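Worksheet: the structure to be examined is printed underneath.
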Amino acid sequence: MIRTIFLLIIISIIQVQNLLAQQIPHLQKVGNEQQLIVSGKPFLILGGELGNSTATTMESMEPVWPRLDSLNLNTILVPVYWELLEPKEGEFQYKLVEDLIIEARKHDLKLTFLWFGAWKNSMSSHAPAWVKLDQQRFPRAKSESGESQEILTPFSEETLEAEINAYRHLMRHIKGVDAGHQTVILMQPENEIGMLSSARDHSRLANRKFKEEVPADLIQYFQKNRSELNPEFLEVWKKNGFKTEGNWAEVFGKGLHTDEIFMAYYFAKYTNQISAAGKEEYALPTFVNAALNRPDVKPGDYPSAGPLPHILDVWKAASPEIDFYAPDFYNPRFKHWNDLYVRQDNPLFVPEHRFDNTVAAKALYTIGHYEALGFSPFSIEQIPGEPLSHKEKKLAEVYKVIDQIKPLLNKYRGQGKIEGVLLDKEVSEAKFVLGDYEFTAEHTFNLGWEPDAASEEWEPSGAIIIQTGENEFYFAGFGVSLKMKNLKDKSGRVGILKTDLGCFEDDQWKVYRHLNGDQTHQGRHIRSFVDDVSIQRFELYKYD
Ligand code: DGJ
């Protein structure tokens with residue numbers, strides 16, 4: 001009897017596990033954060049995006065795979081090109097997509113597909129020839145002076161229909177070949193949508209829409225979410241008297257800012273319909289990426305109307321079938337932009353960051369501080385065949401330690417127990433609180449011990465700190481030194497009871513070295529040097 005009950009319990013556990021594993025990849029709320037779930041388990045993207053043309057043939061990919069292996073990635077972001085998927089209208093070529101999926105599986109990599117459809121960096125360069133050549137059926141956007149652009153207008157029903165058809169076929173096919181494996185985990189419809197060189201499309205179709213009333217669904221969204229709207233957008237609406245009726249210029253005022261709002265609504269609406277149609281076939285989560293604008297540059301001079309922070313409310317209103325919006329980094333002010341993207345519960349994912357010597361530290365910071373869904377430098381394959389450069393080795397080491405601490409990140413996600421720091425010459429110190437302790441993190445170059453500290457450029461350093469008990473913490477990172485203060489007692493004094501350097505093997509913590517003496521500055525600091533990506537477990541205590 002007991003044996004039967006026991007067996008039944010085991011069988012039900014296995015069934016539940018199987019059911020969970022069959023679920024389509026999706027986002028799930030945990031505490032105050034979101035998490036990507038793949039095959040029933042949390043999945044953190046330690047990613048890299050391929051250069052734009054690398055995945056156009058499998059031959060071109062051949063030398064790339066070993067390179068990707070050496071970087072400890074678990075996901076690659078790879079374009080799927082409309083022009084190659086549907087070179088002739090209605091004739092679909094799936095081989096490349098299928099081969100990429102099969103090969104990615106062999107390399108134990110997940111895929112995020114970037115659908116280079118109607119728009120790639122504002123332009124329509126990846127539309128198939130039959131679209132490009134038929135400008136009657138697939139009209140172009142026009143500049144203010146009436147010149148046709150190499151940009152498809154988002155106001156054409158024909159274009160939308162043709163693209164929906166292609167994207168539907170793609171998603172149906174991915175479902176067919178991959179739903180049982182879940183190699184493809186995320187989709188990005190379009191790439192860095194944005195209007196150039198005028199802030200809005202001045203084609204006949206666009207002009208007609210511009211004169212119409214602002215659609216009721218948009219106004220209703222603003223009314224319903226008024227207290228939650230991003231302040232910079234609320235200000236624009238307020239400035240014109242919170243109008244709820246009228247055409248675009250009447251509701252938002254005349255000017256380039258209104259041109260951008262108008263375009264954002266129609267770009268978002270179009271992309272939403274692509275995403276929705278794809279989800280009807282296979283409901284993978286989708287996100288849209290943005291080319292960040294530079295301050296003091298006017299709409300139209302930067303790729304405007306993408307999902308940028310100042311118009312994200314418009315995108316959210318018009319694209320409920322898009323799960324989140326993501327910043328691409330080729331600009332400075334990493335923290336500033338990320339802070340703008342995590343508003344209104346938008347989970348952070350950095351799908352592109354210039355592959356420079358800051359990425360290793362930023363991966364740690366993004367995943368620690370923002371509890372992001374993942375991080376991914378752009379042009380990850382660099383030059384296949386060449387030995388790994390310093391920045392590549394560093395990223396590989398950082399990805400390895402993040403992968404090891406994944407169980408801790410999953411366990412403590414969304415509970416205010418995880419922090420991340422990013423330090424450089426300009427901001428070489430940061431404070432944060434975990435439990436009863438205030439931490440001061442310093443770039444270890446501040447301590448003057450390392451020879452490179454005198455150099456003009458400091459390699460940024462970064463770390464993730466996780467509180468796993470009242471007095472117990474894990475540190476993963478490099479080039480960071482931690483000082484602690486006890487916030488509970490008047491004296492504020494804190495001692496280090498124990499610090500171990502180690503690693504996780506099969507999710508079990510294994511000590512490699514007990515740290516003391518110089519390695520903890522005689523018990524004063526937790527520290528790791530710039531060339532020393534490490535995981536440390538430490539225990540603190542309070543004394544009078
Ligand atoms: C951002 C785009 O999204 C990428 O596809 C690529 O073009 C980079 N810029 C720059 O190389």
Side-chain angles (χ1 to χ4, degrees), residues 45 47-57 60-61 64 67-68 73 75-85 96-97 100 111-127 149-152 186-197 264 267-268 270-271 274-275 286-294 297 301-309 312 315 322 324-334 337-338 341 348-359 362-363 366 372-384 389 391-392 395:
I45 297 179
E49 181 168 325
L50 294 181
N52 292 157
S53 305
T54 308
T56 47
T57 69
S60 150
M61 281 298 291
V64 170
R67 188 82 176 179
L68 301 177
L73 313 170
T75 306
I76 47 171
L77 283 67
V78 183
V80 174
Y81 319 85
W82 187 7
E83 57 180 331
L84 298 188
L85 184 81
L96 180 59
V97 172
L100 285 166
L111 289 169
T112 291
F113 275 142
L114 317 172
W115 168 244
F116 286 8
W119 302 291
K120 149 68 173 90
N121 294 44
S122 303
M123 310 303 286
S124 297
S125 49
H126 292 276
Q149 307 294 305
E150 273 258 66
I151 302 175
L152 291 162
L186 197 58
M187 294 298 298
Q188 178 197 284
E190 315 298 347
N191 189 79
E192 289 197 352
I193 290 176
M195 197 55 208
L196 287 173
S197 52
F267 272 138
Y270 182 109
T271 314
I274 299 288
S275 177
T286 55
F287 71 99
V288 179
N289 64 336
L292 300 178
N293 52 315
R294 288 176 194 272
V297 178
D301 291 343
Y302 63 82
S304 31
L308 288 162
L312 206 53
W315 268 83
I322 300 211
F324 58 95
Y325 309 89
D328 288 348
F329 281 96
Y330 299 87
N331 279 6
R333 304 208 290 165
F334 190 68
W337 287 107
N338 285 329
Y341 271 93
L348 184 65
F349 175 50
V350 177
E352 290 185 43
H353 189 294
R354 188 194 307 282
F355 199 170
D356 56 20
N357 78 345
T358 68
V359 292
K362 284 178 183 165
T366 309
L373 303 178
F375 185 85
S376 157
F378 176 75
S379 201
I380 192 71
E381 68 277 26
Q382 300 275 306
I383 312 160
S389 63
K391 68 184 179 200
E392 288 169 296
L395 182 74

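Order of appearance sets the numbers: ligands from 1, and atoms from 1 within every ligand. This one's a predicted model, so the numbers in the text were calculated from it and none came from an experiment.
Protein heavy atom at the shortest distance from atom 8 (C) of ligand 1 is Tyr330 OH, 3.5 Å. Closest to atom 1 (C) of ligand 1, if we only count protein heavy atoms, is Glu352 OE1, 3.0 Å. Atom 5 (O) of ligand 1 has as its closest protein heavy atom Asn52 ND2, 2.9 Å. For atom 6 (C) of ligand 1, the nearest non-hydrogen atom of the protein is Phe378 CZ, 3.5 Å.
Residues Thr358 and Lys362 have side chains that bring a donor and an acceptor to within less than 3.5 angstrom of each other. Between the side chains of Glu190 and Thr271, no donor-acceptor pair of N or O atoms lies under 3.5 Å.
Residue-ligand proximity, Asp328 to ligand 1, at heavy-atom distances under 4.0 Å covers atoms 3 (O). Residue Glu192 has at least one heavy-atom neighbour below 4.0 Å for each of these atoms of ligand 1: 1 (C), 2 (C), 3 (O). Residue-ligand proximity, Asn191 to ligand 1, at heavy-atom distances under 4.0 Å covers atoms 2 (C), 3 (O), 5 (O).
Atom-to-atom distance recorded for Glu83:CD and Lys120:NZ is 11.5 Å, nearest 0.5 angstrom. Taking OG from Ser379 and CZ from Arg354, the interatomic distance works out to 11.0 Å, rounded to the nearest 0.5 Å.
At least one heavy atom of Lys120 sits less than 4.0 Å from an atom of ligand 1.
Classified by interplanar angle (parallel below 30°, tilted 30° to 60°, perpendicular above 60°), the ring pair Trp115/Trp82 is tilted. Ring pair Phe334/His353 is perpendicular by interplanar angle, where above 60° counts as perpendicular and below 30° as parallel.
Here the side chains of Asp356 and Phe329 are not in contact, with every heavy-atom distance at 4.5 Å or above.
For ligand 1, none of its N or O atoms has an N or O atom of Glu49 under 3.5 Å away.
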